[in-house]
Amino acid sequence: MSKREESRKYEEIIRLALERGFFMPSSEIYGDAPAGFWDYGPLGVGLKRKFIELWRRELVKRDGMLEIDGAQVLSKKVFQASGHLESFVDPIARCKRCKAIYRLDKLIEEKTGIHVPERMSLEEMRKIVKEHDIRCGRCGGELTEFSHFNMMFRLGIGVIGADAYLRPETCQNIFIDFLRIYKTMRKNLPFAIAQVGKSFRNEISPRQGLLRMREFYQAEIEVFFNPKKANEFPKAEPIMDYELRLQPIGKDEPLEVTCREALNSGLISCKLIAYYLSLIQQFYEKAGIPREKIRLRQLGEDEKAFYAVEAWDLEVETSLGWIELVACNNRGTHDLGGHQKFSGHEMEVLDDGEKVLPHVFELSMGVDRSIYCILENALDLEAGKPVLRLPPHLASIEVAVLPLLSKEPFTSKAREIYESLKLEFDVEYDDSGSIGRRYVRLDEIGVPICITVDHQTLEDNTVTLRFRDSALQLRADLEEIVDILKNHLRYSV
RNA sequence: GCGGCCGUCGUCUAGCCUGGUAGGACGCUGGCCCCCCGAGCCAGCGGUCCCGGGUUCAAAUCCCGGCGGCCGCACCA
């Protein structure tokens with residue numbers, strides 16, 4: 001694909017999204033609409049719901065996870081304990097003269113070569129700036145307004161305006177609810193808690209549509225386990241021959257290695273992690289992303305989040321490069337340990353008579369980014385007219401019912417079929433314009449099957465089924481329609 | 001946040017330089033036609049010209065500020 005064709009793909013997705021109602025900028029009719037906020041339209045909602053249903057099926061249900069739905073506003077202490085108040089932060093300074101804003105740590109490292117650790121105080125940085133006479137790189141002005149920019153949205157609760165924050169990741173609910181869930185849901189280690197919901201990050205410069213938003217959906221899974229038993233994991237046996245696409249630190253390309261090989265060679269630290277990496281890779285294959293466009297890239301020390309011990313990013317290749325869709329982190333005891341310390345509640349649990357503070361392995365998925373990647377992957381521009389080749393089980397509209405001619409008795413018969421299907425399937429009725437025009441329009445929004453009422457229907461109660469991906473047509477008796485649809489639209493494994 | 005380019009019906013765009021009634025294509029709606037892959041004909045709908053301010057008799061057009069978009073830099077726990 002040429003560079004021009006690549007950028008065209010992104011533009012085509014945006015055009016399709018705006019023109020057909022997948023998603024749109026929020027507050028777009030007002031001039032002061034801030035960047036990084038997007039609304040899902042009718043077709044986007046359907047796609048997102050089905051994507052999340054697939055996640056629920058292939059991860060939550062498959063693995064017997066518990067699911068919660070937590071508050072988006074959490075107290076200040078939650079983020080003291082999680083480290084976000086201190087670490088989810090960039091040190092910045094401003095030029096007195098030209099008002100340019102600099103990342104202080106980056107500026108110091110660039111000018112002096114001094115490595116600035118995460119925890120260096122503003123005072124220390126101010127001292128270094130003074131000693132080395134670091135000035136504005138643009139105009140040579142003096143640096144001022146040393147401060148931390150925290151990327152969490154701060155809120156004031158109630159009349160006194162008590163400090164609270166919109167969660168920057170959904171998983172903190174899982175950690176702070178862990179104790180009650182453990183005590184009430186009768187689970188033993190290892191087990192997982194899942195949650196899908198909104199998170200909020202005050203990005204400095206959000207760009208590229210659904211790929212970087214200030215308000216976005218995450219679907220997160222936190223697996224609690226005893227670190228001593230991370231290799232005693234019978235569930236992993238059936239996937240030991242499954243081939244992961246791993247890209248370890250220092251490699252430029254992913255390797256196809258079975259879980260068994262990855263474990264034997266020490267690429268992956270334990271069976272538990274190999275198992276969950278397999279589940280997440282399989283999930284994206286089932287969402288229609290070709291294997292060769294998926295990789296699990298290991299993150300080095302400089303790239304990992306402040307809480308991560310071992311980190312793999314599931315990435316998908318698009319016209320815009322490799323996009324990070326899922327952060328797979330071993331968070332160790334960072335979170336339960338932090339909450340134990342700050343709340344005073346003991347988070348240790350009994351495992352075979354032994355008290356352990358569970359370790360946590362997470363699969364933190366970006367839903368909106370995934371939706372973009374699925375759309376881009378599905379969009380076929382080769383045919384001259386765009387065709388959205390979504391997996392049938394992700395299509396917002398599953399079936400369209402069309403009278404061949406927009407007149408009686410075809411329309412009544414088609415409406416009758418539409419009425420009989422609309423509660424069980426996501427169906428649309430369309431009688432506008434010519435049949436060819438309707439097929440093209442329905443292809444563009446990814447409807448996998450059309451049912452056409454034609455002359456023969458009136459004689460023998462059969463209809464034409466027309467398939468999006470092949471453009472093939474076949475006749476079917478109305479009696480068997482429901483079975484055919486169910487078969488074509490079900491999750492394929 | 002910085003620099004460059006840009007912002008006009010749902011979409012793509014002409015008009016901007018050189019100020020004077022916002023035009024086209026596609027789409028959409030209705031009708032005719034009665035049609036299996038964007039047919040044709042007729043009629044119609046659709047625009048705070050991104051927002052605010054300034055200059056002017058007059059601003060889509062010129063100037064300033066803001067917001068947004070794209071590209072590059074930076075950022076992306």
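Each chain gets a letter, A, B and so on, in the order its sequence line appears, and its residues count up from 1.
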By the 4.0 Å heavy-atom rule, please label A:Ile29 as base, sugar-phosphate, or nothing. base
Pick the nucleotide of RNA chain B nearest each of A:His84 and A:Arg15; which residue has the one closer to the 5' end? A:Arg15
Give the residues of residues 214-224 of chain A touching RNA chain B, defined as any heavy atom closer than 4.0 Å, sorted by residue number. none
When rounded to the nearest Å, what value does the distance between C1' atoms of B:C9 and B:C71 take? 28 Å
Can you confirm whether the side chains of A:Asp431 and A:Thr411 place a donor and an acceptor under 3.5 Å from each other? no
Classify the side-chain pair A:Tyr10/A:Thr318 by whether it contains a donor and acceptor separated by less than 3.5 Å. no
Between B:G30 and B:C64 - P atom distance, rounded Å: 48 Å
C1'-based separation of B:C49 from B:U61 [nearest Å]: 10 Å
Within the pair A:Arg441 and B:C28, is there a side-chain N or O less than 4.0 Å away from OP1 or OP2? yes
Sticking with atom P, work out how far B:C45 lies from B:U29, rounded to a whole angstrom. 15 Å
Do the rings of A:Phe153 and A:Phe37 sit parallel, tilted or perpendicular, given the 30° and 60° boundaries? tilted
Sugar-phosphate atoms are those with a prime plus P, OP1 and OP2; base atoms are the rest. Using that split, label each nucleotide of nucleotides 31-43 of chain B B, S or - for protein heavy atoms under 4.0 Å, 5' to 3'. ---BBBBBS----
Please confirm whether the ring centroid of A:Phe79 lies under 6.0 Å from the ring centroid of A:Phe342. no
Check whether the ring centres of A:His488 and A:Phe467 lie less than 6.0 Å apart, and answer yes or no. yes
Under the rule for side chain to side chain donor-acceptor pair (under 3.5 Å), what residues qualify as partners of A:Glu28, not counting sequence neighbours? none
Which whole number of Å gives the distance between the C1' atom of B:U11 and that of B:C67? 22 Å
Side-chain ion pair, A:Glu12 and A:Arg15, N-O less than 4.0 Å: yes
Taking atom types as modelled, is there a side-chain donor on A:Asp460 or A:Thr462 under 3.5 Å from an acceptor on the other? yes
Ignoring backbone atoms, establish whether A:Tyr30 has a side-chain N or O less than 4.0 Å from OP1 or OP2 of B:G68. no
Give one of base, sugar-phosphate or nothing for A:Pro34, where a contact means two heavy atoms less than 4.0 Å apart. sugar-phosphate
At 4.0 Å (heavy atoms only), tell me whether A:Gln208 reaches a base, stays on the sugar-phosphate, or touches nothing. sugar-phosphate
Looking at A:Trp322, I'd like to know if the NZ or CZ of A:Arg297 sits under 6.0 Å from its six-membered ring centre while staying within 45 degrees of the ring's axis. no
How many Å lie between CG on A:Asn150 and P on B:C75, as a whole number? 18 Å
